[in-house]
Every structure is written in structure tokens, then in C-alpha cells.
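Quick notes on the structure that follows.
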Amino acid sequence: MPQVYERVALIGLGLIASSMFWAMKRGGLAGEVTGFARSAETRETAREIGLCDRVCDTLGDAVADADLVVLCVPVGVMGAVAAEIEPFLKTGATVTDVGSVKADVIAQVGPHIPEGVHFIPGHPLAGTEHSGPRSGFAELFENRWTLLVPVAGTEPAATAKLRSLWESMGALVDEMDAEHHDLVLAVTSHAPHLIAYTMVGVADDLQRVTDEEVIQYSATGFRDFTRIAASDPTMWRDVFLSNKDATLEILGRFTEELFALQRAIRQGDGDHLHAYFTRTRAIRRGIIEAGQDIDAPDFGRGGERNK
Ligand SMILES: NC(=O)C1=CN([C@@H]2O[C@H](COP(=O)(O)OP(=O)(O)OC[C@H]3O[C@@H](n4cnc5c(N)ncnc54)[C@H](O)[C@@H]3O)[C@@H](O)[C@H]2O)C=CC1
Ligand SMILES: O=C(O)C(=O)Cc1ccc(O)cc1
């Protein structure tokens with residue numbers, strides 16, 4: 001695959017940055033990739049495992065001369081990091097990010113983008129419950145969506161180049177505005193994570209069921225909840241504080257529906273429960289029919305076997 005950017009700087013060397021590095025290296029998509037992490041321990045690990053062509057001890061060193069700067073830090077510190085790199089950004093460079101929330105990140109980072117530098121926020125809808133420099137792998141983004149959220153006035157050529165990088169890492173790319181992104185993600189990712197955290201917390205609090213029983217007898221659904229609830233606490237604290245309005249809107253609707261289901265159970269209203277579960281089952285079937293079942297072995301190749 002042809003090189004897309006000559007010099008790329010990855011800021012924050014965790015799951016997403018390390019996956020991007022391995023994917024870029026595998027595809028020959030970047031000439032030189034520099035990296036910066038806040039802690040000396042992470043930088044040491046990165047050097048040890050060959051993560052980045054050059055691991056830098058300062059943000060300035062990592063960013064100077066970069067054609068693409070990727071902010072891969074928790075969303076709560078995006079603005080602070082952008083303020084620090086501002087003096088080092090070269091004219092014509094592109095700054096992007098991979099944060100799970102977009103409107104708040106744009107509000108934090110936007111003011112620190114100098115004239116002549118492109119700012120194209122992004123979000124790969126791919127991840128795991130693992131974090132840190134050792135957790136990344138080149139295949140993470142394959143056949144998974146990455147959403148780009150270009151701000152008004154962005155040069156189409158700069159967006160096209162970033163799109164080409166993501167596509168070369170195997171991603172499917174779409175564009176969306178920030179507010180809509182945050183509402184979509186509140187319903188598909190942020191609220192579900194909070195529900196998983198809550199359910200695992202409830203199981204942990206329950207005096208009459210031991211933790212051993214929870215672990216031993218957990219069926220698939222609850223196991224998925226425990227996986228999700230093992231996600232990085234800093235990252236998720238920041239996501240909820242940063243996407244406050246959309247998350248609260250979805251949680252408000254969620255609790256209304258939950259109360260309605262609770263009442264149906266108490267009143268023995270089987271028709272209500274059956275009608276509700278029939279409607280939700282159709283959503284899953286829709287995902288499969290649209291070829292969007294990412295667990296299917298042939299996902300990304302049409303999904304024919306699942307129809
Ligand atoms: N984990 C996931 O599944 C996904 C995460 N994201 C987003 O990607 C971003 C990074 O997440 P991960 O790679 O999972 O996190 P991670 O926890 O694996 O890595 C984050 C890195 O940022 C560093 N960091 C924290 N504060 C910093 C600061 N002030 N200055 C410099 N470095 C700092 C940490 O030390 C760590 O190396 C987050 O904004 C998250 O919302 C997006 C898609 C999926
Ligand atoms: O591990 C999972 O199930 C995820 O949901 C991964 C994930 C976490 C955060 C994002 O913003 C995007 C994807």
C-alpha cells in the first residue's frame with residue numbers, strides 16, 4: 001500500500017495509538033511515526049516493544065515536523081494536550097483525534113488549532129476492554145466504522161487524505177456532524193457501557209449471591225457485561241462527563257422504558273413483554289440483514305451466510 005503521510009505523531013500510547021501504529025507499519029502507510037506518552041514507564045514500554053519509530057520525551061519533539069498529529073488521550077485532557085502542542089504544529093499539518101465524544105473535544109481542541117493547520121476530528125468505532133501500550137493490534141480497525149467529523153471550512157483534500165489513511169488500515173469510513181455523532185454514540189455505546197457497569201455493580205453488591213457464584217454461573221449476556229465493565233475507568237469517566245447531555249437524554253428514556261417493563265412484570269402483563277421483545281428482536285435481524293453483524297465470520301464480505 002502506498003504511503004499516505006510522511007510523518008505521523010501519536011500522542012498517548014494506549015490501545016488505539018498502538019493499534020494505529022501496527023496497522024500503519026503493516027501497510028507502509030507512514031514514513032516515520034513518532035510517539036509521546038505522559039508517563040516515563042509507558043515511554044519505556046513503547047521503546048522496549050518497538051512501538052513507534054521514535055519515542056519522544058516531550059510533546060514538542062513528537063509533534064515538530066509531523067504532517068499528521070493524532071490525539072489518542074482520554075477525552076477529558078484533549079484540550080490541555082492541544083494547548084501544549086499548539087506552538088509546535090507546522091503549517092499544512094492535520095490534527096485529528098480518536099476520542100469517543102466529538103462536540104466537547106471540538107470545543108476543547110478547536111481554539112488551539114493555528115491558522116493553516118487542518119483539524120479533522122475522528123472516532124474509530126473499534127476497541128476492546130484492554131488499555132495501554134501493549135494492548136494494540138494491527139487488525140483492530142478492519143471492517144469497523146471510523147467516523148470523521150470535519151468542522152466547517154475544512155479543506156476536502158485534507159479530509160480525503162485522512163479518510164484514505166483509515167481505509168488503508170481496513171476501516172469503513174463515514175462522515176457525520178458532531179451533535180449527531182454524540183447522540184448516536186450515547187445510544188449505541190455510552191449508555192450500554194453505563195448499564196453494564198451498573199449490572200456488574202448490582203451483582204457485586206448482592207449479599208445473597210456470592211461473587212464466586214456470579215463468576216461460575218454467569219451466562220453469555222452477563223459475561224459480556226463483565227467484559228465491558230472491565231474497561232478503563234479514566235477513559236469512561238471522561239466519556240460520561242464529556243457527553244453529558246446526550247447520555248442523560250438516553251438514560252432518561254431508558255429508565256422510563258425500564259419502569260414500564262417493571263410494571264408489566266409486576267402486573268403479569270405478558271402481552272406487553274412479548275410485544276416489546278418482538279420489536280427488539282427485529283433490530284437484531286435488521287443488523288444481520290444489512291450485513292452489519294461484526295461477529296459473523298464473513299463480516300465485510302457481504303454477510304451472505306447470515307441472511
Ligand atoms: N478503548 C476503546 O475501546 C476506544 C477508545 N477510544 C478513545 O480513544 C482515546 C484513547 O483511548 P485508549 O487508547 O483506549 O486509552 P488507553 O488508556 O489505552 O491510552 C491512553 C493513553 O493516554 C495517556 N495519557 C493520559 N493522559 C495524558 C496526558 N494528559 N498527556 C499525554 N498522555 C496522556 C495514557 O497514559 C495512555 O498511554 C480515548 O479518547 C477514547 O475515548 C476510541 C475508540 C475505542
Ligand atoms: O469493547 C467494546 O465492546 C467497545 O464498545 C469498544 C469501544 C469503546 C469505546 C468507543 O468509543 C468505541 C468502541
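Whatever order the structure lists them in is the order used to number ligands and atoms, beginning at 1. Predicted model only: the values in this text are computed from it and were never measured.
- Between Ala186 and Pro192, the shortest heavy-atom contact is O-CD, 3.7 Å.
- In this structure, Ala80 has no heavy atom closer than 4.0 Å to ligand 1.
- Pro124 counts as a contact of ligand 1, since one of its heavy atoms falls under 4.0 Å from the ligand.
- Looking from atom 15 (O) of ligand 1 to the surrounding protein, the closest heavy atom is Leu15 N, 4.4 Å.
- Checked by atom type and distance alone, the side chain of Ser164 never pairs as donor or acceptor with a backbone atom of Ala160 at under 3.5 Å.
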Using a 3.5 Å cut-off on N/O to N/O, what pairs does ligand 2 make with the protein? A line per pair would be great.
{"unit_1": "ligand 2", "atom_1": "1 (O)", "unit_2": "Arg227", "atom_2": "NH1", "d": "3.1"}
{"unit_1": "ligand 2", "atom_1": "3 (O)", "unit_2": "Arg227", "atom_2": "NH2", "d": "2.8"}
{"unit_1": "ligand 2", "atom_1": "11 (O)", "unit_2": "Ser100", "atom_2": "OG", "d": "2.7"}
{"unit_1": "ligand 2", "atom_1": "11 (O)", "unit_2": "His123", "atom_2": "NE2", "d": "2.6"}

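- Contact annotation: Gly136 has no heavy atom less than 4.0 Å from any atom of ligand 1.
- The protein heavy-atom contact nearest to atom 11 (O) of ligand 1 is Ile16 CG1, 4.1 Å.
- For Arg253 and Glu257, the salt-bridge test fails: no basic side-chain N is under 4.0 Å from an acidic carboxylate O.
- Under the side-chain hydrogen bond (donor to acceptor under 3.5 Å, both in side chains) criterion, the residue pairs touching residues 189-208 are His190-Asn243, with sequence neighbours excluded.
- Under 4.0 angstrom from ligand 1, there are no non-hydrogen atoms of Pro133.
- The shortest N or O to N or O distance between Ile11 and ligand 1 is not below 3.5 Å.
- The residue among Val75, Val98, Leu13 with a heavy atom at the shortest distance from atom 8 (O) of ligand 1 is Val98.
- Considering all non-hydrogen atoms of both residues, Asp174 and Arg163 come closest at CA-NH2, 4.4 Å.
- On a distance-only criterion, Val239 and ligand 1 share no N/O pair closer than 3.5 Å.
- Salt-bridge formation is not detected for the pair Lys90/Glu6: no Lys NZ or Arg NE/NH1/NH2 atom is positioned less than 4.0 Å from an Asp or Glu carboxylate oxygen.
- Here the closest heavy-atom approach between residue Leu89 and residue His112 is recorded as CD1-O, 4.4 Å.
- Contacts with ligand 1 closer than 4.0 Å are made by backbone heavy atoms (N, CA, C, O) of Cys72 only, the side chain lying farther away.
- Every atom of ligand 1 with a heavy atom of Gly99 under 4.0 Å away is listed here by number and element: 39 (O).
- When all heavy atoms of Gly35 and Leu13 are compared, the pair lying nearest together is CA-CD2, 4.1 Å.
- The shortest contact between atom 27 (C) of ligand 1 and any protein heavy atom is with Arg38 NE, 3.5 Å.
- The residue among Met235, Arg43, Glu41 with a heavy atom at the shortest distance from atom 1 (N) of ligand 1 is Met235.
- Looking at Val101 against ligand 1, nothing comes within 4.0 Å, counting heavy atoms.
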